[in-house]
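What follows is a set of notes on a single structure, which appears directly below.
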Amino acid sequence: LWLPHFDRPIVVLPYRHPIAVAKSLRSRDGFPLSFGIALWELHMIRALESARALPTLVIGFESILAQASGTVTRLDAFFRRHRLGDFSIPSTATLESLVDSTLSHHSVGEGDPPLDGKVMAIYDLLRKAERTGELPPRIPDLSENSRTELSRFHQFSSAAEERLRKSEERARGLARMLKQ
């Protein structure tokens with residue numbers, strides 16, 4: 001959608017551990033962990049596929065929290081390398097005041113479920129891309145577990161939409177009857 005509107009498109013791809021994302025989605029939206037992990041996997045695969053032919057900088061959420069100043073320096077170098085203008089880098093004190101690690105409410109712990117091998121492989125690809133600055137030549141397919149989770153959700157949401165549509169029809173019918 002956006003690519004035709006940019007002269008020199010680049011991608012800054014942030015990522016976070018799939019369990020932390022799934023816990024956040026569970027807390028905010030009530031999603032089961034397995035569904036949150038499936039969403040993370042789908043979104044990361046699509047992001048990697050979309051970024052494949054473009055200059056891309058991968059940045060981990062944990063890196064931002066641990067070393068905001070170093071992350072901003074990497075962003076600045078990436079922007080300069082791709083001739084995107086001059087940016088002033090905030091002072092370390094300013095960055096530390098903006099990045100509050102206590103806002104990270106969901107982390108990975110010992111009691112968390114193990115990740116599917118394909119999900120872990122994607123997370124490892126992102127970590128490697130962050131270190132090396134290179135995207136993987138091949139992006140893995142969606143894991144079977146995630147396919148199942150996403151399909152189950154799609155079936156559930158389709159059924160819920162149908163029930164909602166029927167309820168709205170009944171409500172409109174009742175409204176017409178009340179008017180009469």
Side-chain angles (χ1 to χ4, degrees), residues 1-3 9-79 95-96 98-161:
L1 175 69
W2 289 103
L3 285 178
I10 63 161
V11 175
V12 176
L13 176 57
Y15 74 97
R16 192 172 180 195
H17 193 283
I19 294 283
V21 170
K23 285 179 174 180
S24 180
L25 291 170
R26 179 180 61 190
S27 176
R28 187 188 73 197
D29 301 316
F31 292 159
L33 279 180
S34 56
F35 182 65
I37 292 167
L39 281 177
W40 178 92
E41 183 183 1
L42 177 66
H43 283 95
M44 289 295 100
I45 287 172
R46 287 191 175 159
L48 286 166
E49 288 170 347
S50 297
R52 187 185 319 230
L54 299 170
T56 303
L57 178 65
V58 178
I59 298 177
F61 178 76
E62 290 80 14
S63 297
I64 296 168
L65 293 181
Q67 43 189 267
S69 182
T71 301
V72 169
T73 300
R74 284 184 61 218
L75 277 166
D76 181 61
F78 180 72
F79 292 157
L95 287 171
E96 287 175 1
L98 295 172
V99 178
D100 183 358
S101 62
T102 63
L103 295 177
S104 177
H105 304 293
H106 305 285
S107 59
V108 182
E110 287 182 22
D112 293 329
L115 289 174
D116 178 279
K118 280 192 164 188
V119 174
M120 198 62 208
I122 293 166
Y123 181 67
D124 288 340
L125 285 174
L126 290 163
R127 290 182 9 195
K128 183 178 180 185
E130 181 179 17
R131 284 191 316 274
T132 66
E134 296 179 17
L135 292 181
R138 186 183 164 285
I139 287 95
D141 295 329
L142 193 63
S143 69
E144 194 56 42
N145 288 345
S146 290
R147 281 184 204 285
T148 300
E149 277 299 316
L150 294 168
S151 175
R152 190 177 303 144
F153 180 78
H154 178 70
Q155 291 168 356
F156 172 78
S157 63
S158 295
E161 285 174 9

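Here the structure is a predicted model, which means the values were calculated and not measured. Just so you know, residue 1 is the first one in the sequence shown, and it goes up from there.
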[atom1]/[X] to [atom2]/[Y] distance, rounded to the nearest 0.5 angstrom?
X	Y	atom1	atom2	answer
Leu25	Leu33	CG	CG	9.5 Å
Glu144	Ser151	CD	OG	9.5 Å
Tyr15	Ile122	OH	CD1	13.5 Å
Leu48	Leu135	CG	CG	6.0 Å
Leu13	Met44	CG	CE	5.5 Å
Ile64	Arg16	CD1	CZ	10.5 Å

Between [X] and [Y], is there a donor-acceptor pair closer than 3.5 Å when you use the side chain of the first and the backbone of the second?
X	Y	result
Thr73	Ser69	yes
Glu41	Ser146	no
Trp40	Ala20	no
Thr132	Lys128	yes
Asp116	Lys118	yes
Arg26	Phe35	no

- Message: With a 4.5 Å cut-off on side-chain heavy atoms, are Gln67 and Arg74 touching?
- Response: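 Side chain of Arg74 against side chain of Gln67, heavy atoms only: no contact under 4.5 Å found.
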- Message: With heavy-atom distances below 4.5 Å as the criterion, would you say the side chains of Ile59 and Leu75 are in contact?
- Response: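 They are in contact (side-chain heavy atoms under 4.5 Å apart), so the answer is yes.
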- Task: Go through Leu39 and Phe31 one step at a time and tell me if the side-chain contact (heavy atoms from CB on, under 4.5 Å) criterion holds.
- Result: CA-CA 10 Å; Leu39 281 177; Phe31 292 159; 4.0 Å; yes
- Item | Lys/Arg-Asp/Glu bridge criterion (N-O < 4.0 Å) met for Glu149, Arg152 |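 Yes.
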Shortest non-hydrogen contact from [X] toward [Y]:
X	Y	answer
Arg127	Met120	NH1-CE, 4.4 Å
Thr56	Leu54	OG1-O, 2.9 Å
Leu126	Val58	O-CG1, 3.6 Å
Leu150	Leu142	CD1-CD2, 3.8 Å
Val119	Ser143	CG2-OG, 4.3 Å
Thr71	Ser63	OG1-O, 3.4 Å

- Task: Would you please test Leu115 and Tyr123 for side-chain contact (heavy atoms from CB on, under 4.5 Å) and show each step?
- Result: CA-CA 10 Å; Leu115 289 174; Tyr123 181 67; 5.6 Å; no
- Message: Between Leu57 and Phe79, is the side-chain contact (heavy atoms from CB on, under 4.5 Å) condition met? List the steps.
- Response: CA-CA 10 Å; Leu57 178 65; Phe79 292 157; over 6 Å; no
- Arg52 atom CZ: more than 12 heavy-atom contacts under 6.0 Å: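 Atom CZ in Arg52 is packed in, count exceeds 12.
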